Amino acid sequence: MVVHSQSAALDHCSLIKTCKPTTSVFKGIPVVDLRDPEAKTLIVKACEEYGFFKLVNHGVPMEFFTRLEAEALKFFNLPQSDKDKAGPPDPFGYGVKKIGSNGDVGWVEYLLLNTNPQITSLKSLTVFRETPEIFRSSAVNDYIQAVKRMTFEVVELMADGLKIEPRDALSRLLRDEKSDSCFRLNHYPPCPELQALGGRNLIGFGEHTDPQIISVLRSNNTSGLQICLRDKTWVSVPPDQTSFFINVGDALQVMTNGRLRSVRHRVLAESMRSRVSMIYFGGPPLSEKIAPLASLMAKGEESLYEEFTWWEYKTSAYKSRLGDYRLGLFEKKTGGAAGQ
């Protein structure tokens, strides 16, 4: 994804959405120290208010970050013809600009990899087979296994804070050998021609919520990530390459009957610096029924959602546009709606 002239760049951008610049850098991002005795309370408070928080003192070695980021950049800097051997995505594999199959595009290229050893993705294997000297699978596996262990701890602390019984009600879904989890590497190349867009920002990855239970993001020190607050204001999240950012997903919103809310977010392109992000999406097994957890429901409280399987929701999400309110199709029409 290399562009050598302004006219070519603008032609490349012609189908990609832009937005008005956002100057507000949000300094109120909740920060949770994983070793803080009050972490369980702070996690729940952050997820109730924002559906999002920064996690520090997480225990994942920095060398895992730097090694995977270096190898990812080596891959993304390959000639386009070499990268294309790992695509098009099915949904796993390499993709460029096109996000999903329903017309969404962004200033991004990516690798989507399966994290379930029970399911073999030919496209994932292609990445490692075609570029073994660059993309050693051990770099991916070491990182994913460490992040998984940390994520299990986070959701168990979340369960403690919410008084969910048993405390592994969430983590068991991610630990399950049939867990439908995945791992994504995003590369947002610099776009020096941004000034030709009349002061508007170029969308790297359009606004959306994540459909899974939880998302765990780490990026380099290039800005671009934004979240949407409850008042519909978009704010920029200051980057921190040593920490993780945790997102509540749609499935967790349903399992908590709307108490925790999935966060709408997007990424904007930078003019001079590339952004690299790595995201673990923790999902349940495809056959898992998604419904509010009984231990969270007050006496007489009604579910805001129709019960569905993860397969049903995932299938519905893949048929939608990126920015659609996907949970709307599964809200009960009586007894109140959860809203966006």
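All residue numbers refer to positions in the sequence shown, counting from 1. Please read these numbers as outputs of a predicted model, since none were measured by experiment.
- A distance of 4.0 Å separates CH2 of Trp311 from OG1 of Thr315, quoted to the nearest 0.5 Å.
- A donor-acceptor distance shorter than 3.5 angstrom exists from the side chain of Lys148 to the backbone of Thr115, with no hydrogens or angles considered.
- A cation-pi arrangement is present between Arg184 and Tyr110, with the terminal nitrogen or guanidinium carbon under 6.0 Å from the aromatic centre and inside a 45° cone about the axis.
- Between Ser219 atom OG and Asp240 atom CG the span is 8.5 Å, to the nearest 0.5 Å.
- Remark: the backbone N or O of Thr309 is paired with a side-chain donor or acceptor of Glu312 at under 3.5 angstrom.
- Minimum interatomic distance between Phe65 and Thr242 (heavy atoms only, all atoms of both residues): CE1-O, 3.8 Å.
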Report the C-alpha separation of Glu288 and Arg172 in whole Å, then their side-chain angles, then the decisive distance to 0.1 Å, and conclude whether the salt bridge (Lys or Arg N to Asp or Glu O under 4.0 Å) test is met. CA-CA 11 Å; Glu288 186 70 25; Arg172 70 172 180 83; 3.5 Å; yes
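- In this model, a donor atom of one side chain and an acceptor atom of the other lie less than 3.5 Å apart for Ser320 and Arg326.
- Within a 6.0 Å radius of CE in Met62, other residues, nucleotides and ligands contribute more than 12 heavy atoms.
- Linking Ile, Leu, Val, Met, Phe, Trp and Tyr whenever their side-chain heavy atoms come within less than 4.5 Å puts Met255 and Tyr325 in one cluster.
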For Phe183 and Phe281, what are the C-alpha separation, side-chain angles and deciding distance, and is it a ring pair (Phe, Tyr, Trp, His ring centres under 6.0 Å)? CA-CA 6 Å; Phe183 179 65; Phe281 297 96; 8.7 Å; no
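- To the nearest 0.5 angstrom, Ser181 atom OG is 5.5 Å from Leu174 atom CG.
- The CD atom of Gln226 sits 11.0 Å away from the OG1 atom of Thr233 when rounded to the nearest 0.5 Å.
- Following chains of ILVMFWY side-chain contacts shorter than 4.5 Å, one can reach Leu78 starting from Leu113, so the two form part of one hydrophobic cluster.
- A salt bridge links Arg35 and Glu153; the closest N-O separation between the charged side-chain nitrogens and carboxylate oxygens is under 4.0 Å.
- Tyr313 and Phe330 have perpendicular rings, their planes meeting at more than 60° on a 0 to 90° scale where under 30° would count as parallel.
- Electrostatic pairing of Glu156 and Arg175 counts as a salt bridge here, judged by a charged N lying under 4.0 Å from a carboxylate O.
- Of the N and O atoms on the side chains of Asn257 and Glu301, at least one donor lies less than 3.5 Å from an acceptor on the other residue.
- The aromatic rings of Phe244 and His58 lie perpendicular to each other, with more than 60° between the two planes, well past the 30° mark.
- Side-chain contact, Tyr305 with Gln253: a donor N or O sits under 3.5 Å from an acceptor N or O.
- Put simply, the side chain of Arg218 reaches to within 4.5 Å of the side chain of Tyr143, judged on heavy atoms.
- With salt bridges taken as basic N to acidic carboxylate O contacts below 4.0 Å, none links Arg261 and Glu48.
- Here the side chains of Trp310 and Ser287 are not in contact, with every heavy-atom distance at 4.5 Å or above.
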Using the salt bridge (Lys or Arg N to Asp or Glu O under 4.0 Å) rule, take Glu49 and Lys45 through it: C-alpha gap first, then chi angles, then the decisive distance, then the call. CA-CA 6 Å; Glu49 294 181 3; Lys45 185 174 186 292; 2.9 Å; yes
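- Formation of a donor-acceptor pair under 3.5 Å by the Arg264 side chain with backbone atoms of Gly323 is found in this model.
- Panel note: side chain Asp250, backbone Ile213; no donor-acceptor pair is recorded below 3.5 Å.
- Put simply, the residue from Lys83, Lys98, Gln80, Lys97 that forms a side chain to side chain donor-acceptor pair (under 3.5 Å) with Glu109 is Lys83.
- Side-chain atoms of Ser179 come within 3.5 Å of backbone atoms of Gly283 as a donor-acceptor pair (strictly under, hydrogens ignored).
- Judged by distance alone, the side chains of Asn141 and Gln145 never bring a donor and an acceptor atom under 3.5 Å apart.
- Side-chain atoms of Asp176 come within 3.5 Å of backbone atoms of Lys178 as a donor-acceptor pair (strictly under, hydrogens ignored).
- A salt bridge does not link Arg275 with Glu270: none of the charged nitrogens is closer than 4.0 Å to a carboxylate oxygen.
- One N or O on the side chain of Asn220 and one on the backbone of Ser274 form a donor-acceptor pair closer than 3.5 Å.
- Hydrophobic clustering (side-chain heavy atoms under 4.5 Å, transitive across Ile, Leu, Val, Met, Phe, Trp, Tyr) keeps Val31 apart from Phe245.
- The closest side-chain heavy-atom distance from Ile279 to Val216 is not below 4.5 Å.
- Salt-bridge annotation for Asp104 and Lys17: absent, with no side-chain N of the basic residue lying under 4.0 Å from a carboxylate O of the acidic one.
- One N or O on the side chain of Asn221 and one on the backbone of Gln241 form a donor-acceptor pair closer than 3.5 Å.
- Looking at Val154 and Leu55, their side chains come closer than 4.5 Å, going by heavy atoms from C-beta outward.
- Between Ile99 and Gly204, the shortest heavy-atom distance links the atoms CD1-O, 4.3 Å.
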Walk me through whether Ser316 and Leu329 qualify under side chain to side chain contact (heavy atoms under 4.5 Å, CB included). CA-CA 9 Å; Ser316 174; Leu329 296 175; 3.6 Å; yes
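- Ionic pairing of Lys333 and Glu306 is not present here: no N-O contact between side-chain nitrogen and carboxylate oxygen is shorter than 4.0 angstrom.
- Ring orientation note: the planes of His187 and Phe76 are close to parallel, at an angle under 30° on the 30°/60° scale.
- In the hydrophobic clustering of this structure, Leu296 groups with Leu327; members are Ile, Leu, Val, Met, Phe, Trp, Tyr whose side-chain heavy atoms approach within less than 4.5 Å, directly or through other members.
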